[in-house]
Each structure stands twice: as structure tokens, then as C-alpha cells.
Amino acid sequence: MSDKVVSMPNEERFQARIDAEEKIEPKDWMPEKYRQNLIRQISQHAHSEVIGEQPEGNWITRAPSLERKAILLAKVQDEAGHGLYLYAAAETLGITREELIERLHTGASKYASIFNYPSLTWADVGAIGWLVDSAAIVNQVSLQNTSYGPYARAMVRICKEESFHQRQGYNIMMTLMQGNEQQRAMAQDALNRWWWPSLMMFGPHDGESAHSAQSMKWKIKRRSNDDLRQQYVDQAVQQALAIGLEVPDPDLVWNESRGHYDFGEIDWAEFERVINGNGPCNRQRLAHHVKAHEEGAWVREAMAAYDAKRGKPTVDVA
Ligand code: 3HC
């Protein structure tokens, strides 16, 4: 680090490191607001991975074939692992697993609004894998270059598995669209219900975003909400058309001069309702997580007792 940088106040030196594309590591000095912003975003990302298992897990016992069941089991298992990577990354910022779970259970911490919608048919499993994991890929590929080292490295690992998630979902939709009229109608119904919530995954418009300006300055975020959403729409529309699905947006039109699709306005009132706990499944999702957490307490206690016996520090394994 140059002498000039060394003589700067901490904040300036920190920003100089960010501007120089250096990775910030757990033991480095960082502004408290940087730390808190990362705990907020990484923990919500982790919660999303874990809560997101519920709508898909709902179909493991009802998958239409042994192969589809095995694929779905593998995907849901991957999501649990993604949650663990991300909780571990959040813990490097000085917060315990217990505190993170407490924030989820009290509603102090959010998770992706999309997981508060019900998975009503097998086609929903396809739509979730295809649309939600496509959106996650667009977002997470960008986050591989986030300024916080542990988060960036977790993203590299997670992105490797997401493409399988997306492909298996799209394959379900393609198979249904090659089926009979009832199967094609089931796939279209799933797209109709999951399309707009998938656009909400990228957050409010850039001008309405509470965190984007600072997150972009600190290179926590590398691309804006609207920029990522546009990339997602451009690719998802082509994928829908390729298998004969109709995107449920009467304002969707290719804009030659922009080189992108123009699309309709998201229902932000619905978005606000869902992220404030009033979506179709919010209460069910949290109640399920609280119940599983409580039923799993004995495992955490046994691991802590085993660690204590071996003289290892008791690890929060909430
Ligand atoms: N669902 C719930 N809350 C959302 C949201 C959504 N789709 N979009 C935005 N919000 C919340 C933000 O958390 C913030 O609230 P807070 O201050 O209480 O945290 C508020 O709305 C304002 O939004 P901002 O755009 O200002 O917030 P961010 O700068 O954090 O941007 C984000 C939102 C783009 C989701 C960003 O947090 C992010 O990139 N997070 C990491 C990716 C992530 O969490 N993805 C969730 C899906 S994980 C998944 O799909 C797994 C897959 O494998 C199945």
C-alpha cells in the first residue's frame, strides 16, 4: 500500500482499497456501516436459500418419476448448502448463527419475497427452477465480484451449482410444453403466477432503492437492480418463446433501438405487502422454519456437548 494511502484516515484508506478493487477480508478495518450492510444482505441471502427449500420441498414426495424426485432432492440439498456457505460468510463479520436465526424469526431480517408464494402444481417446480434460479444466477454472477472476500468466494461456489438448478427447471417446463393440452396449460399457469414475483427479486427501481447508492460505492453491489432485471427479462423472454410459453405482460415488446425488451410495471404495492409479511405464505414459511429449528435443538445441543467434551469452543450451530 503506498505511503500516501497509509497516511489517510481509515475511511479514505478503505475507499481507496475498494476503488483499487482490493478484496476486504474479515480481519481488515472496515466502516461499521459497511459491516452492517453486509450482515444485512448476506444474512437475507442465506435466509432466502433456506426458506426457498420449502416451496420445492413440498413436491419431493409427489415428483412424477424417480428421476425427477432424485433431481429435486439434489437441488433442495444444494440450497441448504448455499445457506450454510452464506451463514458462515455472515459470521465472519462478527455475528453469531443464533443472532442471525433470531433476526429471521422476529422478522428483523428479510428473505426473498418470491418464496412467499405457494407451489400449487408440479409445473411450479419447473417455473421456480427456471425463473427463480435464472434470476439468482444473474444476480449472483455479478456478486462474484463483490468487495467482501468471503461473500465473493461463496458466490463462486454457489454459481457453479445454480446452472444445474436452472436447467432442470427449464427441462421440466420444456417437457410439459411437449405434452398434452392439460400439461401445456399447467406450465402456462405456472409462468403466469411466477413471472412478476421473479422480476421483484431484483428489488425496487434504482431510484427507490434504499441501499444501492452506498452499496455500489463500496462495490458490495456491482450492477444496479434495474440493470440486472433487464438482463434477466431479455434472456427469460427468449427462453419462454423458445418452448411456446407466453409471457404474461401485455406491455412486453422488443425495443430495437434499445436492444432490450420494454416491459410493464411491477405491482409495487404487492411487493411491499409481501416483503412486509403479508404475502400468501409468509406466516406458513416462518412457522415451518421455527418448528424445524426448535425440533432440531437437540442436534445442536449434542454437537455443542461433544465439542465441549473434546475441549473445542462451543460453536453456535443454530
Ligand atoms: N425480497 C425481499 N426483500 C427485498 C427484495 C426481495 N425481492 N428486494 C429488495 N428487498 C428489500 C431489501 O432487503 C431492503 O430491505 P432491508 O433494508 O430491510 O434489507 C429493501 O427491500 C430495499 O431494497 P434495496 O434494493 O435498497 O436493497 P438491496 O440493496 O439489498 O438490494 C437485493 C436487494 C438485490 C435483493 C440485494 O439484497 C441482493 O443482491 N441480495 C443478494 C441476492 C439475494 O438475496 N437473492 C435472493 C434469492 S436467493 C435464491 O433465489 C436462491 C436460489 O438458488 C433458489
Side-chain angles (χ1 to χ4, degrees), residues 26 32-33 35-60 75-119 128 132 135-136 139-140 143 148 150-151 154 158 197 200-201 203-204 210-211 215 220 270-308 313-318:
E32 185 53 23
K33 285 189 175 168
R35 181 191 305 277
Q36 291 307 327
N37 192 354
L38 278 170
I39 288 174
R40 176 193 65 83
Q41 176 165 331
I42 298 173
S43 62
Q44 293 180 172
H45 198 159
H47 298 330
S48 303
E49 299 280 2
V50 173
I51 298 284
E53 294 176 67
Q54 290 187 35
E56 290 175 313
N58 178 31
W59 281 90
I60 288 174
K75 179 188 192 293
V76 171
Q77 201 171 345
D78 281 351
E79 307 298 6
H82 296 176
L84 290 178
Y85 295 153
L86 289 162
Y87 282 129
E91 285 168 280
T92 65
L93 290 155
I95 188 166
T96 67
R97 187 72 59 88
E98 279 182 336
E99 288 167 309
L100 292 168
I101 300 301
E102 175 73 14
R103 288 187 182 190
L104 171 65
H105 288 173
T106 58
S109 212
K110 294 183 171 72
Y111 57 89
S113 53
I114 193 149
F115 297 123
N116 289 309
Y117 292 84
S119 50
I128 292 169
V132 176
N139 175 290
Q140 291 168 168
L143 284 170
Y148 188 57
Y151 194 20
I158 287 174
M200 295 175 191
M201 283 178 69
H211 301 288
S215 290
I220 292 173
E270 176 182 333
F271 173 75
E272 287 300 326
R273 272 198 311 277
V274 178
I275 71 169
N276 288 307
N278 302 308
C281 298
N282 294 58
R283 289 172 188 75
Q284 172 189 337
R285 297 287 184 245
L286 268 192
H288 183 91
H289 192 281
V290 170
K291 181 171 180 289
H293 186 69
E294 286 170 354
E295 288 174 355
W298 69 271
V299 175
R300 296 190 293 276
E301 286 152 20
M303 286 174 68
Y306 179 66
D307 282 344
T314 302
V315 177
D316 288 326
V317 285

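Numbers here simply count residues along the sequence, with the first being 1.
Using a 3.5 Å distance cut-off with no hydrogens or angles, the side chains of H293 and H105 do not pair a donor with an acceptor. For the residue pair T92 and Y151, no side-chain donor N or O sits within less than 3.5 Å of a side-chain acceptor on the partner. H211 and Q41 share no side-chain donor-acceptor pair at under 3.5 Å. Side-chain atoms of Y87 and H47 include a donor-acceptor pair closer than 3.5 Å.
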* To do: Please report the C-alpha distance between H45 and Q140 in whole Å, then the side-chain angles of each, then the deciding distance to 0.1 Å, and finally whether the side chain to side chain contact (heavy atoms under 4.5 Å, CB included) criterion is met.
  => CA-CA 10 Å; H45 198 159; Q140 291 168 168; 2.7 Å; yes
* Dump the intermediate steps for side chain to side chain contact (heavy atoms under 4.5 Å, CB included) on R283 and N278, then the final yes or no. => CA-CA 8 Å; R283 289 172 188 75; N278 302 308; 3.3 Å; yes
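With rounding to the nearest 0.5 angstrom, the CG atom of L86 is 7.5 Å from the CD1 atom of I42. Here the NZ-OG distance, from K110 to S48, works out to 11.5 Å after rounding to the nearest 0.5 Å. Rounded to the nearest 0.5 angstrom, N282 CG and N276 CG are separated by 9.5 Å. Atom CD in Q54 sits 8.0 Å away from atom NE2 in H289 (nearest 0.5 Å). In this structure, E272 CD and M200 CE are separated by 10.0 Å, a value rounded to the nearest 0.5 Å. Atom OG of S109 is separated from atom CG of L104 by 6.5 Å, given to the nearest 0.5 angstrom.
Residues S113 and I275 share a closest heavy-atom pair of CB-CG2, 3.8 Å. Closest approach of R97 and A88 over heavy atoms only: NH2-N, 4.3 Å. Summarising the geometry of A46 relative to G83, their closest heavy-atom pair is CB-O, 3.8 Å, with the distance given to 0.1 Å. When all heavy atoms of E91 and T96 are compared, the closest pair comes out as CG-C, 4.4 Å.
Side-chain contact between Q284 and N116 is absent, with no heavy-atom pair separated by less than 4.5 Å. Put simply, the side chain of D78 does not reach to within 4.5 Å of the side chain of E49, judged on heavy atoms. Here the side chains of P55 and Y117 are not in contact, with every heavy-atom distance at 4.5 Å or above. Under the 4.5 Å side-chain criterion, counting only non-hydrogen atoms from C-beta, Y148 is in contact with P26.
A donor-acceptor distance shorter than 3.5 angstrom exists from the side chain of R285 to the backbone of F115, with no hydrogens or angles considered. At distances below 3.5 Å, not a single donor-acceptor pair connects side-chain atoms of N37 with backbone N or O atoms of K33.
Q36 CD: more than 12 foreign heavy atoms inside a 6.0 Å radius.
One finds a salt bridge joining R35 and E32 here, because a Lys/Arg side-chain nitrogen approaches an Asp/Glu carboxylate oxygen to under 4.0 Å. A salt bridge between K75 and E79 is present, with a side-chain N of the basic residue lying under 4.0 Å from a carboxylate O of the acidic one.
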